[in-house]
Participant: 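Dropping the structure in here first, questions after.
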Amino acid sequence: MVLCIANGRRLRGGASLHGAYKYGLPFERSKIDTNHLIISVPSYSTKMSHPMFSPDFNFGVNTPPESPTKGHAPKRSFGSHVHKKSDSWGSLIDILEHGIPIPTSLNSGAFGAIEVPATRSPEAHVSQYMNALPAPPSAKERRLSRNSFGAALPIPRSKRQSRLSSVTFANVQDALSSVETDGAKTGVGSPRNILVSQVQDVYAEKVRAAKNMAFVFDIDGVLVHGDRLIPEGRKVLEMLNGNNQLGIKIPHIFLTNGSGKPEAARTEQLSRILHNPVSTDQFIQSHTPMRALAEYYKTVLVVGGEGYRCREVAEEYGFKDIVVPNDIVAWDPSIAPYRVFTEEERASSRPRDFTKVEIEAIMVFSDSRDYATDMQIIMDLLRSRKGRLGTVAADPVSERIPIYFSQGDILCPTEHPIPRMSQGAFRIGLEAMYKALMGVDLERVVYGKPELATYKYADEVMASWMENLHGEERVPENIYMVGDNPASDIVGGNMYGWNTCLVRTGVFQGGENDEENPANFGVFANVWEAVTTACKKQLGDDFKFTWDNRVNPVLHGRASAVE
Ligand code: G3P
Ligand code: MG
């Protein structure tokens, strides 16, 4: 049972917890015994009350995924986590009644994925945007009896699986050591490194604190705008890569809803723009955790992105048989009546007889470059018999193949002055069409921020990056998420128990804080302001944000002892 204490008073659990979640208030947990948990929400106001969660909902959001090193994954179906009350997000799903089991075609116990319960409703968001169409009563019955999907999102299980080839720099340590600080080139045993180690000996306490904090950076709107650098982004990365008082590398990873390129290509591009090394080992795109899905489906339709780049992504992830919309248009151009298909596109596509191919799942990896064609093909597949094009299922709802989206952002900041529509807008359009044609909501799975699976995966990457940097495979205690989008970066970080910093260089253009999803650590003009404020909190107000080669550790040690 959870006892909720807000402003010193005991409140109905559902009301106060919903308030805390909705307004992103800090809360503390303390366990009395195995059956009782106290949640304190000191800054809760009764105005925030809106009963929604059941009283035994708990916020134990930091429960790590099962250790990837503990041997083989147990045999289980996708939906097996849904009723696991010990996991708060699982409870949330129970409470929201979204526990629809996923069909399992798995027969191997040695399965390389962790299944994370979905925290977003598998139901379409479309009902709030259009008049609801009545579902035929028979559809309801069918729903109850059929297997569906949407209850769990697999993420890669093992550390090795999480790591994609790091080609940005052959050796991450060398790359990081190569960051020039104060004009000094460094290397193992260099005068700077000797000095760094002496300084770190003197400030052992600060060093411990620096290794116990980490940053998670959103990219678009925080560090860059498309291909354009946000200058504070470069400055921040130089500081975190060693240009600071301790000469220490303060851990940081990148967590973007961006997509559409292999990780190595995107990190190379970012390294160039940011003038700092960005390794694939510290980098997560929206579709990166979807790598785990390669173990579940053989033939998939991959949608979105420029040219054939998402086919490349899917190949790298290990998908065995990848179809893209161009392959289908090349096979039968009449499927997309408004498409002008060039000879070059025809020559580069891979047509075959798709009436004989069972496409098992649809993966929208990135933004569609041709809404009309992609939506038509997706709708055809969703209505088909077992994913065979040219067929229409007798019972299309119960036979429907699953559809996954790599992220849900509706808007994205770009070089254009007004944010552009993103994958979420495409999805909502598709949901509306599906409901209009089929009379029922489209169930789907959405990865990316703020989905829990993405944050759990970020923990895996963070622990592994910590091992790279400091030889300690663990997640630091004080994590700061810096983002520009309250509806993805901030709400997800708040839910996951991170400190959240909202910056004004991207999507958020509001007042003091975002009203729906306020950042719990504050709102900052830019990423430099956010990061330096967080560093001062963890490392002291006197912490310096440049490395000084002229520092004399002996004198500084004495001086600090006297101070
Ligand atoms: O919404 C699309 C994507 O470009 C957002 O990227 O880095 O802000 O999560 P990011
Ligand atoms: Mg952003």
Side-chain angles (χ1 to χ4, degrees), residues 120 125 215-230 232-233 236-237 252-261 263 265-267 269-271 273-274 278 280 282-290 303-306 309-310 313 364-369 371 405-416 418-429 446-451 453-455 457-458 461 480-494 496 498 500-510 514 517 519 523-527 530-531:
R120 264 192 266 238
H125 280 158
F215 291 94
V216 180
F217 291 116
D218 171 72
I219 293 179
D220 280 312
V222 172
L223 302 172
V224 299
H225 284 134
D227 286 342
R228 192 157 40 85
L229 173 72
I230 297 176
E232 291 83 6
V236 153
L237 294 188
H252 56 278
I253 64 167
F254 303 89
L255 181 59
T256 177
N257 270 355
S259 59
K261 277 183 189 167
E263 281 69 14
R266 181 74 173 132
T267 52
Q269 180 193 13
L270 279 169
S271 300
I273 300 173
L274 292 163
V278 177
T280 50
Q282 62 180 151
F283 184 68
I284 303 165
Q285 300 192 89
S286 60
H287 43 60
T288 309
M290 292 170 77
V303 178
E306 271 176 45
R309 300 236 68 185
C310 282
V313 172
V364 182
F365 268 8
S366 193
D367 291 302
S368 166
R369 295 332 198 239
Y371 275 39
F405 295 85
S406 76
Q407 54 106 341
D409 290 353
I410 293 174
L411 292 174
C412 171
T414 68
E415 289 90 346
H416 191 80
I418 303 165
R420 302 291 80 194
M421 289 193 294
S422 189
Q423 214 190 102
F426 176 82
R427 191 196 76 237
I428 286 166
V446 187
Y447 276 80
K449 293 171 288 183
E451 179 57 45
T454 289
Y455 287 78
Y457 183 68
V461 172
Y480 290 83
M481 166 97 222
V482 187
D484 67 305
N485 190 341
S488 56
D489 309 319
I490 303 304
V491 67
N494 286 348
Y496 207 53
W498 289 348
T500 49
C501 314
L502 183 57
V503 292
R504 294 186 183 279
T505 45
V507 166
F508 177 70
Q509 308 279 329
D514 186 67
N517 303 295
V523 178
F524 301 89
N526 54 55
V527 64
V531 167

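As the structure is a computational prediction, the values presented were derived from the model and not from experiment. No hydrogens, no waters, no symmetry mates; every other heavy atom, side chains included, goes into these values. First listed ligand is number 1; within each ligand, the first listed atom is number 1. We count residues from 1, following the sequence as given.
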Participant: Please check if the side chain of His225 supplies one atom and the backbone of Thr505 the other of a donor-acceptor pair under 3.5 Å.
Facilitator: yes

Participant: I'd like to know if the side chain of Gln282 and the backbone of His252 have a donor-acceptor N/O pair within less than 3.5 Å.
Facilitator: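 Confirmed, Gln282 side chain pairs with His252 backbone.
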
Participant: How about Pro486 and Val491: do any of their side-chain heavy atoms sit closer than 4.5 Å?
Facilitator: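 A side-chain contact under 4.5 Å is absent here.
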
Participant: Just the protein N/O/S atoms under 2.8 Å from the Mg ion (ligand 2), please, no waters.
Facilitator: Asp218 OD2, Asp220 O, Asp484 OD1

Participant: Considering only heavy atoms from C-beta outward, does the side chain of Arg427 approach that of Gln407 to under 4.5 Å?
Facilitator: no

Participant: Check this for me, if you would: do Lys449 and Asp218 make a salt bridge, where the nitrogen-to-carboxylate-oxygen distance has to be below 4.0 angstrom?
Facilitator: yes

Participant: Evaluate the side-chain contact (heavy atoms from CB on, under 4.5 Å) criterion for residues Val222 and Ile230: first the C-alpha distance (whole Å), next the side-chain angles of each, then the deciding distance (0.1 Å), finally the verdict.
Facilitator: CA-CA 7 Å; Val222 172; Ile230 297 176; 5.7 Å; no

Participant: Please tabulate protein-ligand N/O pairs under 3.5 Å for ligand 1, atom names and distances to 0.1 Å.
Facilitator:
from	atom 1	to	atom 2	distance (Å)
ligand 1	1 (O)	Asp409	OD2	2.9
ligand 1	1 (O)	Ser422	OG	3.4
ligand 1	4 (O)	Asp220	OD2	2.9
ligand 1	6 (O)	Asp220	OD2	3.4
ligand 1	6 (O)	Thr256	OG1	3.3
ligand 1	7 (O)	Asp218	OD1	3.1
ligand 1	7 (O)	Ile219	N	3.0
ligand 1	7 (O)	Asp220	N	2.8
ligand 1	7 (O)	Thr256	OG1	2.6
ligand 1	8 (O)	Asp218	OD1	2.7
ligand 1	8 (O)	Asp218	OD2	3.1
ligand 1	8 (O)	Asp220	O	3.0
ligand 1	9 (O)	Asp218	OD1	2.6
ligand 1	9 (O)	Asn257	N	2.7
ligand 1	9 (O)	Lys449	NZ	2.9

Participant: Look only at the side chain of Thr256 and the backbone of Gln285, and say whether a donor-acceptor pair between them is shorter than 3.5 Å.
Facilitator: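 It does not hold such a pair.
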
Participant: Let me see the working for Asp514 and Ile490 under side-chain contact (heavy atoms from CB on, under 4.5 Å), right down to the final yes or no.
Facilitator: CA-CA 9 Å; Asp514 186 67; Ile490 303 304; over 6 Å; no

Participant: Side chains of Thr267 and Phe254: closer than 4.5 Å at any heavy-atom pair?
Facilitator: no

